[in-house]
2 protein chains.
Amino acid sequence: MKNKTDRREDLKRKGLKSTRHRTAILEILEKRTQPATAEQVFFELNRAGISTSLSTVYRELDRLVNKNLVVQVKLNESKKALYEYNRMIHKHYLVCLGCKKMISLDTCPLKAYEKQLEEQTHFRITDHKLNLYGYCPECQAKGLPHKG
Amino acid sequence: MKNKTDRREDLKRKGLKSTRHRTAILEILEKRTQPATAEQVFFELNRAGISTSLSTVYRELDRLVNKNLVVQVKLNESKKALYEYNRMIHKHYLVCLGCKKMISLDTCPLKAYEKQLEEQTHFRITDHKLNLYGYCPECQAKGLPHKG
DNA sequence: TTGGATGCAAAAGTTTTGCACGGTT
DNA sequence: AACCGTGCAAAACTTTTGCATCCAA
């Protein structure tokens with residue numbers, strides 16, 4: 001994880017002050033292996049002894065997303081937005097529909113397809129979102145998915 | 001588009017009554033080439049002379065999603081859910097970040113990748129979501145994307 | 001006739017905003 | 001000191017629900 005000086009540099013470069021909340025939010029997200037809701041970040045802040053309000057967390061997450069330090073993901077059925085530390089890695093997720101765990105995938109199978117599609121459609125393709133869903137070995141062992 | 005008798009049959013098979021609203025909503029969605037928000041459906045109903053309320057539209061869309069006659073899509077940055085007629089075709093979208101138009105893609109480049117991933121991870125993969133983003137020829141001609 | 005469908009209004013849930021105060025540079 | 005960041009409360013926005021009424025089967 002980044003040390004305090006590096007973090008301060010990161011923020012300065014983006015024109016953001018180094019506040020207690022802001023650095024704590026980045027630390028929390030950087031430590032996690034999975035995206036978090038604003039609410040989860042809020043609770044983790046409080047657990048770390050930093051009292052705050054949910055609105056501040058939302059506001060801060062917005063700023064960090066705008067500055068490209070955090071990425072907003074929409075993976076889930078739920079209405080809540082998810083946020084994750086921007087590791088600057090193009091990623092996809094494999095989500096278990098049983099236990100909801102998410103495996104992040106670093107390989108991307110779409111380079112060639114994107115090129116082909118650009119030729120077909122004359123779009124300039126700049127990005128894509130891919131997530132895969134299924135059942136992990138543990139959940140399969142529990143007999144999931146149950147037959148409807 | 002389906003005729004009234006077919007539509008009535010579809011609904012009967014799913015245990016749903018053929019009401020004015022319900023059939024109208026299905027017709028509206030079936031005619032569209034792009035997913036619609038509940039609000040858009042609501043306005044189209046009113047435009048068609050069928051006065052209703054937004055809550056009824058939401059309730060109805062929910063039912064149709066549960067019965068698998070309609071699919072709920074989350075493509076967008078916006079908070080609103082999108083609904084589309086379930087044509088029983090596995091689809092992906094190419095979304096223009098300029099004018100927001102969506103091209104639906106019937107080919108799917110992921111069969112082989114899914115198989116490979118199943119072998120690697122021992123997940124049983126049941127589904128995936130893939131959407132691509134970029135700029136259509138028209139928006140490119142307008143100079144999009146603008147340099148930030 | 002009877003259970004499902006509807007309209008209205010109100011509630012619920014997530015996210016945003018206004019404003020006064022506080023902290024960083 | 002200046003400006004950005006924060007807390008609180010209230011608003012905004014999307015979606016859901018309760019209940020009385022209505023309609024299709």
Side-chain angles (χ1 to χ4, degrees), chain A residues 4-5 7-28 35-46 48-67 69-70 72-83, chain B residues 4-5 7-28 35-46 48-67 69-70 72-83:
Chain A
K4 281 192 181 168
T5 314
R7 179 92 61 209
R8 179 174 284 272
E9 275 310 306
D10 278 6
L11 289 172
K12 194 170 181 183
R13 219 174 301 123
K14 298 285 186 175
L16 294 175
K17 291 182 183 173
S18 294
T19 66
R20 217 157 91 91
H21 291 78
R22 183 165 291 151
T23 48
I25 289 176
L26 285 172
E27 276 183 21
I28 286 169
T37 62
E39 214 181 3
Q40 286 171 325
V41 172
F42 171 70
F43 286 131
E44 290 205 33
L45 282 167
N46 284 332
I50 299 177
S51 91
T52 183
S53 64
L54 195 52
S55 68
T56 299
V57 175
Y58 272 112
R59 222 169 345 204
E60 197 49 51
L61 287 169
D62 263 12
R63 270 190 285 247
L64 296 173
V65 168
N66 283 327
K67 296 297 185 178
L69 290 167
V70 166
Q72 200 192 43
V73 207
K74 291 226 173 123
L75 273 181
N76 51 351
E77 332 65 67
S78 120
K79 271 185 293 186
K80 293 185 186 172
L82 296 172
Y83 300 85
Chain B
K4 280 193 182 167
T5 314
R7 179 91 60 210
R8 179 174 285 272
E9 275 310 307
D10 278 5
L11 289 172
K12 194 169 180 183
R13 219 175 300 123
K14 299 284 186 175
L16 294 175
K17 292 183 183 173
S18 294
T19 65
R20 218 156 91 88
H21 291 79
R22 182 165 292 151
T23 48
I25 289 176
L26 285 172
E27 276 182 22
I28 286 169
T37 62
E39 214 181 4
Q40 286 170 324
V41 172
F42 171 71
F43 286 132
E44 289 204 34
L45 282 168
N46 284 333
I50 299 176
S51 92
T52 184
S53 65
L54 194 52
S55 68
T56 299
V57 175
Y58 272 113
R59 221 168 350 204
E60 197 49 51
L61 287 170
D62 263 12
R63 270 190 285 248
L64 296 172
V65 168
N66 283 327
K67 296 298 186 177
L69 290 167
V70 166
Q72 199 192 45
V73 207
K74 291 226 173 125
L75 273 181
N76 51 349
E77 333 66 67
S78 121
K79 271 185 295 184
K80 293 186 188 173
L82 295 171
Y83 299 86

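Sequence lines set the chain letters: A, B, ... in the order given, protein chains first and strands last, and positions in each chain run from 1. Side chains are part of it too, since the values below use all heavy atoms of this structure and drop only hydrogens, waters and symmetry mates.
Judged by distance alone, the side chain of A/Lys67 and the main-chain N or O of A/Lys14 form a donor-acceptor pair under 3.5 Å.
What separates CG of B/Asp62 from P of D/dT14 is a distance of 16 Å, to the nearest Å. Atom NZ of A/Lys79 is separated from atom P of D/dT14 by 11 Å (rounded to the nearest Å). Nucleotide D/dC23 holds its C1' atom 12 Å from the CZ atom of B/Arg22, rounded to whole Å. The CD-C1' distance, from B/Glu39 to D/dA12, rounds to 13 Å in whole Å. One atom, CZ of B/Arg20, and another, C1' of C/dT6, lie 12 Å apart when rounded to the nearest Å. Atom pair B/Lys67:NZ and C/dA5:C1' shows a separation of 14 Å (rounding to whole Å applied). Straight-line distance from the CG atom of A/Leu54 to the P atom of D/dC8: 12 Å, rounded to whole Å. Remark: P of C/dG7 and CD1 of B/Ile50 are 10 Å apart, rounded to the nearest angstrom.
With salt bridges taken as basic N to acidic carboxylate O contacts below 4.0 Å, none links A/Glu9 and A/Lys12.
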**Request:** Begin from the C-alpha positions of A/Asp62 and A/Arg59 and carry the test salt bridge (charged side-chain N to carboxylate O under 4.0 Å, His left out) through to its verdict.
**Result:** CA-CA 5 Å; A/Asp62 263 12; A/Arg59 222 169 345 204; over 6 Å; no
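Both B/Ser55 and B/Leu16 lie near DNA chain D, and the one whose nearest nucleotide falls closer to the 5' end is B/Ser55.
Side-chain N/O atoms of B/His21 include one lying less than 4.0 angstrom from OP1 or OP2 on C/dT6. Distances shown here put every side-chain N or O of B/Ser53 at or beyond 4.0 Å from the OP1 or OP2 atom of C/dC8. Of the side-chain N and O atoms in B/Arg59, none sit less than 4.0 angstrom from OP1 or OP2 of C/dG4. Between B/Arg8 and D/dA24 there is no side-chain polar atom (N or O) within less than 4.0 angstrom of OP1 or OP2. For the pair B/Arg63 and C/dT6, the criterion of a side-chain N or O lying under 4.0 Å from OP1 or OP2 is met. Distances shorter than 4.0 Å separate none of the side-chain N or O atoms of B/Thr37 from OP1 or OP2 on D/dT14. In this model, the phosphate group of C/dG7 is approached by a side-chain N or O of B/Thr52 to a distance below 4.0 Å at OP1 or OP2.
Within 4.0 Å of A/Ser18, counting heavy atoms only, lie sugar-phosphate atoms of the nucleic acid but no base atom. In this structure, A/Thr19 reaches the sugar-phosphate backbone alone: every heavy-atom distance under 4.0 Å involves primed, P, OP1 or OP2 atoms, never a base.
Two residues are said to be in side-chain contact when any heavy atoms from C-beta on lie closer than 4.5 Å; B/Glu60 and B/Val57 fail this criterion. With a 4.5 Å cut-off on side-chain heavy atoms, B/Leu11 and B/Leu69 count as touching.
A donor and an acceptor atom sit less than 3.5 Å apart, one in the side chain of A/Lys17 and one in the base of D/dC3.
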